[in-house]
Amino acid sequence: MAIGGLIAERLAPVAPQGPGRASALRAAPMTSARHWLAERSRGEMAAGSVIYHAPSTAFQSPGGGENQLIQTGRYLEAQGVPVRPFCPWTDRLDRSRLLHLFGMSREGLQLARVARAKGVPVVLSPICWIEPRAMAALATDPIGRLANRTKWRLKALVPQWPSWRRELLRTADAILPNSAAEGEQLVRWFGADPRRIRPVPNGVEERFARAEASHFRAIHGPGDFVLYVGRIEPRKNVLGLIEGVHATGLPLVVLGDALPGYEGYAEECRRAGWGFTRWLPRVDHDDPVLESAYAAARVLALPSWFETPGLVALEAALAGTAVVVTPHGCTREYFGSRVGYARPDRPSEIARAVAQAWADGPDPCLSEHVGRHYPWSEVARRTAEAYEQVTR
């Protein structure tokens, strides 16, 4: 069987129990992400827990990957799986059921080596997308662009070439990419074993289906707008979005903070958005302002250099908002023809897609599609199945 077929076979369509979206989106006990992390990190680790690990700097500027970790853990607990965010000072891998790594990092590789030496299974959620044209475009100098192009051309020719990412993928007993397309990339670029790949999609919380615009409008006033939610950094293409929206004459709201180290880029964005862009600081993912902002927006725009697929796009779609996203990444696998697409390096294309979404409104099937296919409860079920397979 071809690689793509082998991987796609494991991403069978979700068949939620019950007749409608509400039954598919079974909610986990609601506690704030910050509280959940703090509570689960206290005291002694319970023997047999699943240890969760992310790079040490991950939660200093949290985004979609960090939210994926938290929501997966919360919903797994609702299904009876004990979860422990890794504390290197007190936790011992040999007392755990398995190690689940979120994101690919050298730090994670070191821990995976220890786990394998102790006979502890390793599960990896790579949260990885390789987009050579993005890496070339985002390089800050011509030499960097040339180096990036050369590196990934060689990778494509020789995926078995040694690297820490290749070793990490070989160390994992199960690899859980967020899409079949991501899994195929891991095979193509790093020679990952397709038999270990079990795609598990990203998820969305039920609360976004009940989002109402009134809370956001009571704070920030009435009126339609285009919304961007996320970190302000070049990969998210906030400057390109601003240029595109400027051409439409529509108002834009940016909800998020600069990624550390990109304060200069954020200032450039502010200058470009003068007169039509409103800047709001980042809010915690559990803040009701977030879901209300989605409901109040006329269009959610995320024309990044790539997305896998972008949790904010899933959340806004479930809230009933029209969505425009990048075609780079696995967005088409999630949304099909139900959203607009705009390439990040084409401001005129961004302008057309945003204006079209503004005029047409959301696809009538978009919210139902997202709610039916991507509830966190289903993500947790598939993840638990992977755990069972590697611990038999």
Side-chain angles (χ1 to χ4, degrees), residues 6-7 9-12 14-15 17 26 28 36-37 39-41 43-55 65 68-88 90-105 107-128 165-180 182-183 186-187 190 192-203 375-392:
L6 182 60
I7 294 172
E9 188 178 66
R10 298 200 179 98
L11 192 56
V14 175
Q17 298 176 359
R26 296 183 296 277
W36 184 87
L37 282 171
E39 285 295 314
R40 299 309 178 274
S41 302
E44 290 286 331
M45 180 188 80
S49 295
V50 173
I51 287 182
Y52 275 15
H53 175 271
Q68 180 181 334
L69 180 154
I70 290 169
Q71 302 304 336
T72 303
R74 289 164 70 177
Y75 280 78
L76 275 169
E77 285 188 336
Q79 297 184 14
V81 178
V83 172
R84 168 76 171 192
F86 180 59
C87 177
T90 59
D91 296 347
R92 299 294 176 262
L93 287 170
D94 53 12
R95 298 186 66 241
S96 70
R97 179 185 178 192
L98 60 86
L99 170 66
H100 189 160
L101 303 172
F102 286 81
M104 298 180 74
S105 68
E107 182 182 330
L109 172 59
Q110 295 290 342
L111 194 61
R113 287 170 176 162
V114 175
R116 291 303 297 268
K118 293 178 176 291
V120 175
V122 177
V123 173
L124 170 66
S125 293
I127 315 178
C128 174
R165 289 184 180 88
R166 174 171 164 77
E167 182 184 351
L168 178 56
L169 289 163
R170 288 171 61 88
T171 301
D173 296 281
I175 303 165
L176 313 183
N178 290 141
S179 65
E182 182 185 345
L186 297 172
V187 175
F190 305 109
D193 184 349
R195 294 170 298 181
R196 299 185 182 187
I197 294 176
R198 301 174 177 86
V200 174
N202 252 319
W376 278 115
S377 57
E378 178 64 19
V379 173
R381 185 189 67 79
R382 292 190 182 190
T383 304
E385 284 183 352
Y387 292 171
E388 288 292 330
Q389 290 168 346
V390 302
T391 55
R392 284 173 184 165

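Below, all heavy atoms of this structure are taken into account, side chains as well, without hydrogens, waters or symmetry copies.
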### Nearest non-hydrogen partners of A192 and I197, listed with the distance
CB-CD1, 4.3 Å
### Task
Find the distance between CD1 (I51) and CZ (R92) and round it off to the nearest 0.5 Å.
10.0 Å
### Task
Ignoring hydrogens and angles, tell me if any N or O in the side chain of R95 forms a donor-acceptor pair with the backbone of A46 under 3.5 Å.
no
### Message
With a 4.5 Å cut-off on side-chain heavy atoms, are V83 and W36 touching?
### Response
yes
### Task
For the residue pair T383 and L76, establish whether any side-chain heavy-atom pair is separated by less than 4.5 Å.
yes
#### Entry: Closest non-hydrogen atom pair between P177 and L186, with its separation
CB-CD1, 4.4 Å
### Message
Between the side chains of R195 and D193, is the shortest nitrogen-to-carboxylate-oxygen separation below 4.0 Å, so that they form an ion pair?
### Response
yes
#### Entry: Test item: Q71 and R74 side chains (from C-beta on) under 4.5 Å apart, heavy atoms
yes
### Query
Does S125 reach the side chain of V200, with side-chain heavy atoms less than 4.5 Å apart?
no
#### Entry: Polar side-chain atom of R166 near backbone of F190 as donor-acceptor pair, under 3.5 Å
yes
### Query
Taking side chain as C-beta onward, heavy atoms only, is R198 less than 4.5 Å from E385?
no
### Task
Work out which heavy atom in L37 is nearest to a heavy atom in P85; give both atom names and the distance.
CD2-CG, 4.2 Å
### Query
In Å, rounded to the nearest 0.5 Å, how long is the span from CG of L169 to CD1 of I175?
4.5 Å
### Message
Counting neighbours of CZ on R113 that are heavy atoms of other residues, nucleotides or ligands and sit closer than 6.0 Å, is the number greater than 12?
### Response
yes
### Summary
Residues E388 and R97: closest non-hydrogen pair is OE2-NH2, 3.1 Å
#### Entry: Spacing of L124 atom CG and M104 atom CE [to the nearest 0.5 Å]
6.0 Å
### Task
Find out whether P199 and E182 are in side-chain contact, i.e. whether some heavy atom of one side chain is under 4.5 Å from a heavy atom of the other.
no
### Message
Could you check whether any side-chain heavy atom of R382 comes within less than 4.5 Å of a side-chain heavy atom of P201, counting everything from C-beta outward?
### Response
yes
#### Entry: Closest approach of L93 to A115 (non-hydrogen atoms, all atoms of both residues)
CD1-N, 3.8 Å
### Short side-chain to backbone donor-acceptor contact, Q389 and D173, under 3.5 Å
no
### Query
At their closest point, which heavy atom of V123 faces which heavy atom of L176, and how far apart are they?
CG1-CD1, 3.5 Å
### Query
With side chains defined as the heavy atoms from C-beta onward, is the minimum distance between V120 and S96 less than 4.5 Å?
yes
### Message
Within this structure, what is the NZ-CG distance for the pair K118 and L99, rounded to the nearest 0.5 Å?
### Response
12.5 Å
### Task
Could you grab the distance from atom NE2 of H100 to atom OG of S49, nearest 0.5 Å is fine?
15.0 Å
### Query
Where the side chain of R196 meets the backbone of A172, is there a donor-acceptor pair that is under 3.5 Å apart?
yes
### Task
Would you give the length of the straight line joining atom CD of E107 to atom CG of L168, rounded to the nearest 0.5 angstrom?
12.0 Å
